[in-house]
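In what follows, a single structure is set out as structure tokens and then discussed.
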Amino acid sequence: SENWQALNLLLEKYKEKIQTIYIDPPFNKEQDADYLYNVKYKDSTWASMLENRLKLAKDLLSDRGSIFVRCDYNGNWIVRPLMDEVFGKENFRNEVIIRRDTKPSEDISVETESLFLFSKSRNYLFNKNIIKKEKRKFVEFHSPGEPKNKENSYISIDGKRFFPPRGRHWSISKDKVDDLIKKGEIKLEKRIYIDIYGNEQYLMPLRLEVEYKAVTNNWTDIHGYGKITNDLLNNYFPTENSEYLLKRVVESTSNEGDLVLDFFLGSGTTTAVAHKLKRKWIGVEMGEHFWSVVLPRMKKVLFYDKSGISKEKDVKEKYNEKTSGGFFKYHILEQYEDTLDNIELKENKEAEELFKD
């Protein structure tokens, strides 16, 4: 099919240059489904289709690159052995559990799917993801004990000097205070206290303490599916990946300027998120929805798309109305049958005379 041919063509220019690959291939259901693409594969056919593409994907990955493959319970028993064979068991990094929205069922509901993460080598790039807890609390940042140098024991906030309370010293440096001010993690609360010089102070500096949690392989804290295309284009795409999911994928395994590839592009979430996060990107899609969903969506991303991760504070710094923009180009890969249909044959009178046909 076209995406397999496209990967072969990409090898000529991008061999060992892709940093992150994310694919959400058609799930292995062995039956028709209400999707925009075929999911009625036999197990062996589905496995062969995926194996061919994974081998090409490995050739495209850089030495520090990684690949994520999304699947459900119908295909995970095929995906893991395939990836073990193609990338090597030693390069298995994790099975990430992701969330899917389910309707109530009389049977046991399926609420999760899997992302299999493999690297090209053990020298892979991984940026540790951190989650900020929304509940923040303010705590005093001074500790027991008089400061050794009283005159230099103050901290400055908004041009005002604050000395610590009697019998205590500031447990944070001036440079750290400046950094917290920039991050908006300092608050001045009206409160009376007596400082080390016996003066009455009316503003007590407090530190906004943000609790952090390292990301594990349990990603059910974010949605696995999204509906941005419906909001943007009034065009519902039933298996649209969540931008928040792709944000975590892209940020964890690539840096700004790196190449991100998705050769089962679907609704275009991977390329949209990669662009917002200042990555370079390549997408391959063979469905007709390229024209009605992917292309219009990416044009809107260039002109600033306010939906999805665009609302996130860390994304806004890089992707906003002033910093959005750029360009992309797309190529149409002609099908073999189309090529035959477009061939123009000229009449060969010598051949006709020779063969009488």
Side-chain angles (χ1 to χ4, degrees), residues 18-20 22 64-66 68 125-138 141 155-159 172-188 205-216 219 221-224 226-229 231-232 240-262 267-283 297-328:
I18 307 295
Q19 178 58 39
T20 300
Y22 176 89
R64 302 198 68 197
S66 300
F68 294 82
L125 169 68
F126 183 76
N127 300 316
K128 190 175 182 180
N129 278 292
I130 298 295
I131 300 174
K132 286 185 179 181
K133 286 190 176 180
E134 292 184 2
K135 292 183 179 179
R136 300 180 175 187
K137 60 182 179 180
F138 293 90
F141 50 83
I155 58 175
S156 296
I157 300 177
D158 295 334
I172 190 168
S173 69
K174 295 178 181 179
D175 291 340
K176 183 63 177 176
V177 170
D178 291 339
D179 183 54
L180 289 171
I181 290 173
K182 289 179 182 178
K183 293 179 179 179
E185 296 183 359
I186 284 283
K187 179 182 179 182
L188 295 178
L206 299 178
R207 176 166 63 91
L208 177 58
E209 185 178 83
V210 184
E211 296 184 6
Y212 296 96
K213 178 185 176 183
V215 175
T216 66
W219 290 12
D221 60 304
I222 53 178
H223 286 284
K227 56 175 183 176
I228 289 176
T229 51
D231 298 336
L232 275 180
E240 176 189 324
N241 279 246
S242 160
E243 284 202 359
Y244 297 96
L245 172 66
L246 264 298
K247 179 177 186 284
R248 194 169 288 179
V249 165
V250 171
E251 286 185 331
S252 63
T253 55
S254 70
N255 294 322
E256 288 187 23
D258 286 338
L259 267 168
V260 176
L261 167 67
D262 186 341
S267 65
T269 300
T270 303
T271 51
V273 169
H275 193 89
K276 292 178 182 181
L277 296 178
K278 302 300 179 186
R279 271 67 169 175
K280 298 176 183 178
W281 49 266
I282 301 172
R297 181 178 186 179
M298 291 312 301
K299 287 180 178 179
K300 287 183 178 290
V301 168
L302 259 60
F303 286 97
Y304 183 52
D305 158 30
K306 297 179 182 179
S307 60
I309 62 168
S310 307
K311 305 169 187 174
E312 298 287 287
K313 183 179 178 180
D314 60 323
V315 178
K316 280 184 178 180
E317 296 174 359
K318 305 172 186 176
Y319 176 75
N320 51 59
E321 289 175 296
K322 293 182 179 179
T323 61
S324 61
F327 73 95
F328 64 86

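The analysis underlying the following values was restricted to heavy atoms, covering all of them including side chains, and did not include hydrogens, waters or symmetry mates.
Minimum heavy-atom separation, A214 to K128: CB-CE, 3.7 Å. When all heavy atoms of V315 and I309 are compared, the pair lying nearest together is CB-O, 3.3 Å. The two residues K299 and F328 have their closest heavy-atom pair at N-CE2, 4.1 Å. In terms of heavy-atom proximity, S267 sits nearest to E240 at OG-CG, 3.2 Å. For the pair V260 and A274, the tightest heavy-atom approach, listed with the atom from each and the gap, is CB-CB, 4.2 Å. When all heavy atoms of T323 and K278 are compared, the pair lying nearest together is O-NZ, 3.3 Å.
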Next on the checklist: If you apply the rule side chain to side chain contact (heavy atoms under 4.5 Å, CB included), what do you find for K247 with I222, and how did you get there?
Outcome noted: CA-CA 11 Å; K247 179 177 186 284; I222 53 178; over 6 Å; no

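At most 12 non-hydrogen atoms from other residues, nucleotides or ligands lie less than 6.0 angstrom from NZ of K306. For K227, the NZ atom is loosely surrounded, since the number of other residues' heavy atoms within 6.0 Å does not exceed 12.
At least one donor-acceptor pair under 3.5 Å links the side chain of S252 to the backbone N or O of V249. Within the 3.5 Å criterion, the main-chain N or O of V301 finds a donor-acceptor partner in the side chain of Y319. Listed for the Y304 side chain is no donor-acceptor partner under 3.5 Å among the backbone atoms of K322. When atom types are taken as modelled, the side chain of H223 and the backbone of L245 share no donor-acceptor pair closer than 3.5 angstrom. In this structure, Q19 contributes its side chain and T253 its backbone to a donor-acceptor pair below 3.5 Å.
Exactly one of T270, T20, T271, I18 qualifies for a side-chain contact (heavy atoms from CB on, under 4.5 Å) with L261. That residue is I18. The side-chain contact (heavy atoms from CB on, under 4.5 Å) test with S307 is passed by exactly one of L232, D231, T229: L232.
A heavy-atom distance below 4.5 Å is found between the side chains of E251 and D314.
Taking CD1 of I155 as the reference point, atom NZ of K174 lies at 9.5 Å (rounded to 0.5 Å). Taking OG1 from T216 and CG from N129, the interatomic distance works out to 11.0 Å, rounded to the nearest 0.5 Å. With rounding to the nearest 0.5 Å, the separation of NZ in K316 from CD in E321 is 10.0 Å. Remark: I228 CD1 to T269 OG1 distance equals 6.5 Å, nearest 0.5 Å.
A salt bridge links E243 with R297: the closest approach of a Lys/Arg side-chain nitrogen to an acidic carboxylate oxygen falls below 4.0 angstrom. Ion pair R64/D258 not flagged as a salt bridge, since none of the NZ, NE, NH1 or NH2 atoms sits closer than 4.0 Å to an Asp/Glu carboxylate oxygen. By the 4.0 Å N-to-carboxylate-O rule, K276 lies close enough to D305 to be salt-bridged with it.
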